Structure formats: structure tokens, C-alpha cells
Chemist: 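Structure provided below as C-alpha cells; questions to follow.
Small disclaimer: the values here were computed from a predicted structure and weren't measured. What you see below is based on every heavy atom in this structure, not just the backbone, and it leaves out hydrogens, waters and symmetry mates. Convention: sequence-line order gives letters A, B, ...; per-chain numbering from 1.
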Protein chains: 2
Amino acid sequence: MISQTAVHSRRFVAEGFTAAGARGYHYRVLAALEEFGPASQAELGRRCRMDRSDIVAAVTELEQKGFVERSADPADRRRNTVTITRAGTQQLQRLDRALDSVQDELLAPLSATERQTLVALLGKLIEHHGGAPTS
Amino acid sequence: MISQTAVHSRRFVAEGFTAAGARGYHYRVLAALEEFGPASQAELGRRCRMDRSDIVAAVTELEQKGFVERSADPADRRRNTVTITRAGTQQLQRLDRALDSVQDELLAPLSATERQTLVALLGKLIEHHGGAPTS
DNA sequence: GCAGATCGTTGGCGTCGCCAACGGTTCTGT
DNA sequence: ACAGAACCGTTGGCGACGCCAACGATCTGC
């Protein structure tokens, strides 16, 4: 059952994140900013498949930690342009490293080719169900 | 990323459950009761990998719906013996059917052999990380 | 008999995902 | 030009899930 592995995966990932003082939402926002550049909050919501209200909370927290900057968009006064800072990039790298080690731990019992197969299969599932290509 | 598929899986499963008027906790408890027979709540918690406090809530709800019965254990007055009822077994069958169709939908893009491979790989992961063999 | 473990229960915390409503802004059709 | 639709950020709320702390009652080992 996929749900079963999901549980373990979740647990491991959560561990890695909390160890780095962050949450899944933070990582997603930072990763989206790094990959696609500055964006409005609504745009971030679409990229991260997150609700607008959750984006507000995440961006606020990231802003308080200095990982992100909010600035009014002069071209459209409805929007806030969110930009990742230098510190934000560094934090993202930390989280990426944490995720890597977590992934190693999770996939420990699998050989390299098995991992490849698994990733391919899961990729197929995600793509078929309209998944966004996030890391 | 496993987390990605986890999200979709979760969503699908949740859909199927709420459509049947149940939650994941309910299913797990019913399945454990059907598979291993009546048990105390603490025992259920171990089987389902759930917290005792969550077992309390789940059993209470299942009891209100008539899917389960609480009875004092005469041999140990601390324990409540939880027993699945006829209606509970039927409900479990409904949930199983719902899960099956959900799984079909989720695994739609995969061939039969691919599904087999995926299940095998995930099984390896679960087993390695001390997973309990649930369904 | 007494200390420690176990059981059910209550209450709380945090993450994740979602929805409704608002006031402000921009875009659209006419 | 102007009304209505659509969009944006924000606030507040809800439910599912996972976990922890504490309590009183009960059972166990020594």
C-alpha cells in the first residue's frame, strides 16, 4: 500500500525539516522561488499547489526569518512580489541536503537500479494525475 | 519524490473514505478487528500504529454508528474489549471495495507487471522500516 | 504491601489541506 | 464610461492525522 510508505516518508521528511527548523510549506515556497524566480503569492500558490491562505502564512514566517522579501508590485497594486534572499537560498540548500540524507535513509534497502525503477514508476503516476514537476 | 505520490494517494483515499462516511482511523480499527479478532484498545493502538487517545475517539465514533462494541474485560478491569459487529463487518467490506476502486484509479497508468514491481518495492521499504503488514 | 507498569480518558499542540468571506484592485463587455 | 466579473492578499475557520502529557483506576512483580 502506497499509503503505508507515505507514512514513513512523511515521518522521515518531517524529521529532517523540523531538525532544520522549517516546515514543508517553507521548503516548497523556497524551492519554487529558487526555480522560477520571484512571483506573486497567488502564483506561488499555483506552483506549490498550496492554498492562497497558506501561502500568506508561509511567506510571513519566511519573511520574519529573513529568507524572503515582500514588495508591492508597482504594475499591479493587488500583487505582492515575493523574492528569495541570499539567506533564503542558503536555507534552501540546507533543507535540500537534509532531504537528501533523509531520502538515502528511506531508500536504504533498495539497490541503485531499484531506486531508479521506483522513481520512474512514481513519476508515471504523478504525471498521469496532473502532478507538477517539483524536485 | 515519494511525497508527491503520497499526496495524490492520500487525496484519493480520503475521497473514497469520506464518500463512504468514514475516516482512515475507522478503517484501520475495523480492519485490525476483522483480521485479529476482538482486542483491548491499547492492543488496537499497537496493531494500527495509532495513539491510544486516537483509538478512544475512533472506537467511540464506531460504537455510535453500531460498527463496534465496547465491553468491560472481566479478567482485567482496566481493559475494554472491543468487538466488531455484523454491521461493522459490512461497513469494512464497503470500505474495502471503495479502496479497491480508488487503487485502480491511482494505478491506472501502470501495467499489471509494473504494479507488481511497485508493490514489491514499496513492500521492501515498509518491511525494512519496521512496517506492519496491513492489507 | 508497595513500587512500577499498564489501561482508558481528557486535553492539548503542530502540520497539512481546504473553504468562505472581506475589501481592494484590475480587467471585460457593453 | 461604467457595471460586473475576475483576481489578489488577508483573516478566520474546519477536519484529518500524528503525537505528547497527565490523571485516576487497575494490575503486576518483588
Side-chain angles (χ1 to χ4, degrees), chain A residues 3-4 6-29 38-63 68 70-82 95 131-132 134, chain B residues 3-4 6-29 38-63 68-82 95 132 134:
Chain A
S3 307
Q4 291 281 330
V7 172
H8 295 289
S9 160
R10 288 284 201 171
R11 185 143 35 207
F12 281 148
V13 171
E15 264 180 47
F17 278 159
T18 55
R23 294 181 300 137
Y25 279 2
H26 297 161
Y27 176 76
R28 288 199 238 168
V29 169
S40 73
Q41 299 182 189
E43 185 60 26
L44 280 177
R46 281 175 228 120
R47 295 211 196 286
C48 304
R49 300 183 157 265
M50 289 169 56
D51 193 82
R52 298 203 307 273
S53 56
D54 299 321
I55 292 280
V56 172
V59 169
T60 300
E61 289 155 9
L62 288 172
E63 192 181 25
V68 130
R70 259 198 192 99
S71 62
D73 183 342
D76 188 338
R77 297 211 306 268
R78 290 173 303 179
R79 292 192 233 274
N80 285 343
T81 300
V82 183
L95 294 180
T134 307
Chain B
S3 306
Q4 291 281 331
V7 172
H8 294 289
S9 161
R10 288 285 202 169
R11 184 141 38 206
F12 281 149
V13 171
E15 263 180 47
F17 277 159
T18 53
R23 293 181 299 137
Y25 280 1
H26 298 160
Y27 176 76
R28 288 199 240 167
V29 169
S40 72
Q41 299 183 190
E43 185 60 26
L44 280 177
R46 281 175 227 118
R47 294 209 196 286
C48 304
R49 301 184 158 264
M50 288 170 55
D51 193 81
R52 299 203 307 273
S53 56
D54 297 323
I55 292 280
V56 172
V59 169
T60 300
E61 289 155 9
L62 289 172
E63 193 181 24
V68 129
E69 274 176 0
R70 258 197 192 100
S71 62
D73 183 342
D76 187 338
R77 297 210 306 263
R78 291 172 303 179
R79 293 196 233 279
N80 286 341
T81 299
V82 182
L95 294 180
T134 308

Chemist: Which nucleotide in the set C:dG8, C:dG11, D:dG9 lies at the smallest distance from any side-chain heavy atom of B:Ser53?
Modeler: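 The nucleotide sitting nearest to the side chain is C:dG11.
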
Chemist: Under 4.0 Å between any heavy atoms, over every strand shown, what does B:Asp51 touch: base, sugar-phosphate, or nothing? Just pick one.
Modeler: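 Base, at least one base heavy atom under 4.0 Å.
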
Chemist: Could you work out which one of C:dC19, D:dC8, C:dC16 sits closest to the side chain of A:Arg79?
Modeler: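 Of all the options, the side chain of A:Arg79 is nearest to D:dC8.
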
Chemist: Rounded to whole angstroms, how far apart are CG on B:Asn80 and P on D:dC27?
Modeler: 13 Å

Chemist: Please determine if a side-chain N or O atom of A:Arg52 lies less than 4.0 Å away from the OP1 or OP2 oxygen of C:dC22.
Modeler: no

Chemist: Quick one: does B:Asp76 reach the base of C:dC7 with a side-chain donor-acceptor pair under 3.5 Å?
Modeler: no

Chemist: Once you round it to whole Å, what is the distance between P of C:dT6 and CG of B:Asp73?
Modeler: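 Interatomic distance, CG of B:Asp73 to P of C:dT6: 17 Å.
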
Chemist: Do B:Thr60 and B:Arg70 have side chains that approach each other closer than 4.5 Å (heavy atoms only, starting at C-beta)?
Modeler: yes

Chemist: Can you identify which nucleotide, out of D:dG9, C:dG24, D:dG18, has its nearest atom closest to the B:Tyr25 side chain?
Modeler: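 So the side chain of B:Tyr25 is nearest to D:dG18.
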
Chemist: Has B:Gln41 got a side-chain N or O lying under 4.0 Å from the OP1 or OP2 atom of C:dT6?
Modeler: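 Result: no.
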
Chemist: Could you tell me how far apart B:Ile55 (CD1) and C:dT10 (P) are, to the nearest whole angstrom?
Modeler: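 Interatomic distance, CD1 of B:Ile55 to P of C:dT10: 15 Å.
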
Chemist: Starting at CZ of B:Arg49 and ending at P of D:dG18, how long is that distance when rounded to a whole Å?
Modeler: 11 Å

Chemist: For B:Leu44 and C:dT9, what is the distance between atoms CG and C1' respectively, to the nearest whole Å?
Modeler: 15 Å

Chemist: Does B:Glu61 have more than 12 heavy atoms from other residues, nucleotides or ligands lying within 6.0 Å of its CD?
Modeler: yes

Chemist: Write down the atom of B:Met50, the atom of B:Ala58, and the distance for their closest heavy-atom approach.
Modeler: CE-CB, 4.5 Å

Chemist: Measuring to OP1 and OP2 of C:dT9, would you say a side-chain N or O of B:Arg70 lies under 4.0 angstrom away?
Modeler: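 So the side-chain polar atoms of B:Arg70 do come within 4.0 Å of the phosphate oxygens OP1 or OP2 of C:dT9, strictly under.
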
Chemist: Looking only at side-chain N and O atoms, does A:Arg46 come under 4.0 Å of OP1 or OP2 in D:dC8?
Modeler: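 It does, given that an N or O in the side chain of A:Arg46 lies less than 4.0 Å from OP1 or OP2 of D:dC8.
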
Chemist: Could you check how far CD of A:Glu43 sits from P of D:dC8, rounded to whole Å?
Modeler: 8 Å

Chemist: Taking all heavy atoms of A:Leu95 and all of A:Ala22, pick out the closest pair and write down the distance.
Modeler: CD2-CB, 4.0 Å

Chemist: Identify which nucleotide among D:dC17, C:dG8, D:dC19 has an atom closest to any side-chain atom of B:Asp54, counting heavy atoms from C-beta outward.
Modeler: D:dC19

Chemist: Nearest nucleotide by nearest heavy atom, which residue falls closer to the 5' end of DNA chain C, A:Pro74 or B:Ser40?
Modeler: B:Ser40

Chemist: Would you kindly check whether a donor in the side chain of B:Arg78 faces an acceptor in the base of C:dT6, or vice versa, at under 3.5 angstrom?
Modeler: yes

Chemist: If you only use heavy atoms from C-beta on, which nucleotide in C:dT26, D:dC27, C:dC19 is closest to the side chain of B:Arg77?
Modeler: D:dC27

Chemist: Minimum heavy-atom separation for A:Thr81 to A:Pro38, with atom names?
Modeler: CG2-CB, 4.0 Å

Chemist: Could you check how far OH of A:Tyr27 sits from C1' of C:dT15, rounded to whole Å?
Modeler: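 Rounding to the nearest Å, OH of A:Tyr27 and C1' of C:dT15 are 18 Å apart.
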
